[in-house]
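Here's the structure we're looking at; comments come further down.
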Protein chains: 2
Amino acid sequence: MMKKIKLMSFEEWEKKKLKNPEFRKYARQADDDPFVATALQLIRARKKKNLTQSQLAKLAKTSQEAISRMESLDYRGYSLSVLEKVADALGKKVLITLT
Amino acid sequence: MMKKIKLMSFEEWEKKKLKNPEFRKYARQADDDPFVATALQLIRARKKKNLTQSQLAKLAKTSQEAISRMESLDYRGYSLSVLEKVADALGKKVLITLT
DNA sequence: ATATTATATATCAAAATTGATATAATGTCA
DNA sequence: TGACATTATATCAATTTTGATATATAATAT
């Protein structure tokens with residue numbers, strides 16, 4: 001991890017992903033589904049900081065796998081405390097609203 | 001559960017609770033701590049609908065204990081999926097923002 | 001085009017949450 | 001005020017999440 005790679009930007013990544021019908025199906029739910037919405041926010045924030053999942057995992061004191069799961073649009077099992085840890089490592093604060 | 005009792009309103013409840021230094025200590029963190037903020041929002045929403053924890057638990061297909069834990073200002077373990085279930089039972093949508 | 005690195009996910013053990021039951025302390029009602 | 005109901009939480013089993021390891025596929029670097 002001496003060499004810093006340049007990750008694809010969120011926008012490029014999203015554009016690429018939207019070519020996949022499966023991804024499109026999920027992405028359409030972002031407004032209604034806190035998991036999908038959160039996953040996309042996490043991916044955006046991570047790519048913005050140009051961190052790999054492994055690097056973020058290290059900063060958040062969790063595992064690369066946990067990060068991957070949380071970024072997956074169809075994973076719905078993680079805890080709020082893991083989310084808070086990861087968000088913190090991304091320099092973000094978690095704001096939860098019941099609307 | 002034939003007879004509907006009248007729960008103390010959130011405002012009254014909060015006023016009463018704020019007399020306790022321990023509660024005050026936690027309540028002060030609501031702006032910085034998603035758990036505290038969420039707990040208070042859950043309590044407010046539940047009392048607004050005049051539901052007991054048991055009634056809400058039933059609607060959310062979870063347990064009274066789970067509700068109590070989530071409403072506790074010092075509990076930090078629950079999953080986002082349980083939160084979503086409970087919010088849904090309260091007629092609320094969970095909105096998560098990383099700010 | 002090839003070498004290297006990142007990501008998604010399978011397997012499974014370890015850790016944590018959830019639920020059932022019970023109950024003391026607190027709240028509501030008659 | 002006493003009877004009844006609600007809430008917070010202890011104990012512990014059942015269930016789920018997290019982490020370690022591994023690896024096929026995809027992305028990035030050269």
Side-chain angles (χ1 to χ4, degrees), chain A residues 1-17 19-20 22-23 26 35 38-40 42-44 46-47 49-86 89, chain B residues 1-17 19-20 22-23 26 35 38-40 42-44 46-47 49-86 89:
Chain A
M1 210 291 294
M2 289 295 50
K3 225 153 211 173
K4 214 64 157 150
I5 66 160
K6 182 66 170 59
L7 295 172
M8 197 185 305
S9 77
F10 178 79
E11 287 73 28
E12 266 184 280
W13 172 87
E14 188 180 39
K15 189 172 179 186
K16 190 183 177 74
K17 282 283 204 174
K19 287 175 180 166
N20 175 352
E22 197 70 12
F23 181 88
Y26 279 115
F35 290 98
T38 307
L40 293 175
L42 285 171
I43 296 165
R44 183 189 287 273
R46 179 173 63 82
K47 285 178 179 294
K49 293 182 79 81
N50 198 45
L51 295 174
T52 64
Q53 291 183 345
S54 300
Q55 289 166 336
L56 177 57
K58 197 170 210 170
L59 288 175
K61 296 187 170 69
T62 187
S63 68
Q64 180 266 324
E65 201 201 38
I67 303 292
S68 184
R69 278 190 195 129
M70 292 175 75
E71 290 188 358
S72 166
L73 301 196
D74 67 358
Y75 186 66
R76 315 179 71 77
Y78 57 88
S79 68
L80 193 45
S81 52
V82 172
L83 173 60
E84 194 195 31
K85 270 202 305 190
V86 174
Chain B
M1 208 294 294
M2 286 310 348
K3 225 159 210 177
K4 260 270 212 231
I5 66 158
K6 181 66 170 61
L7 297 172
M8 196 184 304
S9 78
F10 178 80
E11 287 72 28
E12 265 184 280
W13 172 87
E14 189 180 37
K15 188 170 178 188
K16 190 185 178 69
K17 282 282 204 178
K19 287 177 182 167
N20 176 351
E22 197 70 11
F23 182 87
Y26 279 115
F35 290 98
T38 307
L40 294 174
L42 286 171
I43 296 165
R44 183 189 288 273
R46 178 173 64 82
K47 284 176 179 295
K49 293 184 79 79
N50 199 45
L51 295 174
T52 65
Q53 291 183 345
S54 299
Q55 289 165 340
L56 177 56
K58 196 169 209 172
L59 287 174
K61 296 188 170 69
T62 186
S63 67
Q64 179 266 324
E65 199 199 40
I67 304 291
S68 184
R69 279 190 193 129
M70 292 175 74
E71 290 187 355
S72 166
L73 300 196
D74 68 357
Y75 185 66
R76 316 179 69 78
Y78 58 87
S79 68
L80 201 42
S81 53
V82 172
L83 173 60
E84 194 195 32
K85 267 202 304 188
V86 173

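The overall bend of the helix from dA1(C)-dT30(D) to dA30(C)-dT1(D), read as the angle between its terminal helix axes built from five base pairs each, is 70° when rounded to 10 degrees.
Of the residues in residues 71-81 of chain B, Tyr75(B), Gly77(B), Tyr78(B), Ser79(B) come within less than 4.0 Å of DNA chain C through at least one heavy atom, sorted by number.
Here the P atom of nucleotide dA8(C) and the CD atom of Glu22(A) are 15 Å apart, to the nearest Å. As rounded to whole Å, 15 Å separates atom C1' of dA20(C) from atom NZ of Lys58(B). The distance between atom NZ of Lys6(A) and atom C1' of dT28(D), rounded to the nearest whole Å, is 11 Å. Distance CG (Asn50(B)) to C1' (dT6(D)): 12 Å, rounded to an integer number of Å. Between the P atom of dA26(D) and the CH2 atom of Trp13(A) lies a distance of 15 Å, rounded to the nearest Å. Straight-line distance from the CE atom of Met70(A) to the C1' atom of dT9(C): 17 Å, rounded to whole Å. In this structure, Arg46(B) atom CZ and dA8(D) atom C1' are separated by 12 Å, rounded to whole Å. In this structure, Leu83(A) atom CG and dT18(D) atom C1' are separated by 15 Å, rounded to whole Å.
Identified under the salt bridge (charged side-chain N to carboxylate O under 4.0 Å, His left out) test for residues 50-62 of chain B, with sequence neighbours left out: none. Annotation: salt bridge (charged side-chain N to carboxylate O under 4.0 Å, His left out) contacts involving residues 70-83 of chain B, sequence neighbours excluded, comprise Glu84(A)-Arg76(B), Asp33(B)-Arg76(B), Arg46(B)-Glu71(B).
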Which atoms of nucleotides 23-26 of chain C (N or O only) lie under 3.5 Å from a protein N or O atom, and what are those distances?
none

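Of all nucleotides listed (dT18(D), dT7(D), dT18(C)), dT18(D) comes nearest to the side chain of Thr62(A). The side chain of Glu65(B) approaches dA10(D) more closely than any other nucleotide in the set dT7(D), dA10(D), dT7(C). When distances are taken from the side chain of Val82(A) to each of dC29(C), dT18(D), dA8(C), the shortest belongs to dT18(D). Here dG19(C) is the nucleotide among dG19(C), dT7(C), dA29(D) with the atom lying nearest to any side-chain atom of Lys85(B). Of the listed nucleotides (dA29(D), dG19(D), dA8(D)), dA8(D) has the atom at the smallest distance from the side chain of Ser68(B). Here the side chain of Ile5(B) is nearest to one of dT18(D), dT9(C), dT28(C), namely dT28(C).
For Glu65(A), the side chain to side chain donor-acceptor pair (under 3.5 Å) partners at least two apart in sequence or on another chain are Arg69(A). Residues passing the ring pair (Phe, Tyr, Trp, His ring centres under 6.0 Å) test with Tyr78(A), sequence neighbours excluded: Phe35(A). Every side-chain contact (heavy atoms from CB on, under 4.5 Å) that Ala60(B) has, sequence neighbours left out, goes to Thr62(B), Val86(B), Ala89(B). The side-chain contact (heavy atoms from CB on, under 4.5 Å) check on Lys15(A) picks up nothing, with sequence neighbours excluded. Annotation: ring pair (Phe, Tyr, Trp, His ring centres under 6.0 Å) contacts of Tyr75(B) (sequence neighbours excluded): none. The side chain to side chain donor-acceptor pair (under 3.5 Å) test applied to Ser81(B) returns Ser79(B), not counting sequence neighbours. In this structure Glu11(B) satisfies the side chain to side chain donor-acceptor pair (under 3.5 Å) test together with Arg44(B), sequence neighbours excluded.
Position along DNA chain C of the nearest nucleotide to Ser54(A) versus Lys61(B) favours Ser54(A) as the more 5'-ward residue. The 5' end of DNA chain C is approached more closely, in terms of each residue's nearest nucleotide, by Leu51(A) than by the other of Leu51(A) and Leu7(B).
Within the 4.0 angstrom heavy-atom criterion, no nucleotide atom of any strand lies near Ile67(B). Nucleic acid contact for Gln53(B): sugar-phosphate only, since backbone atoms but no base atoms lie under 4.0 Å from a heavy atom of the residue.
Summarising the geometry, atom CG belonging to Leu80(B) is positioned 6.0 Å from atom CG belonging to Leu80(A); distances are rounded to the nearest 0.5 Å.
Counting all heavy atoms, side chain and backbone alike, Gln64(A) lies closest to Ser54(A) at CG-OG, 3.6 Å.
No more than 12 heavy atoms of other residues, nucleotides or ligands sit less than 6.0 Å from atom NZ of Lys49(A).
Contact annotation: Arg69(A) side-chain N/O to dT16(D) OP1/OP2 distance is not under 4.0 Å.
Between Tyr26(B) and Phe23(B), the closest side-chain pair of non-hydrogen atoms is not below 4.5 Å.
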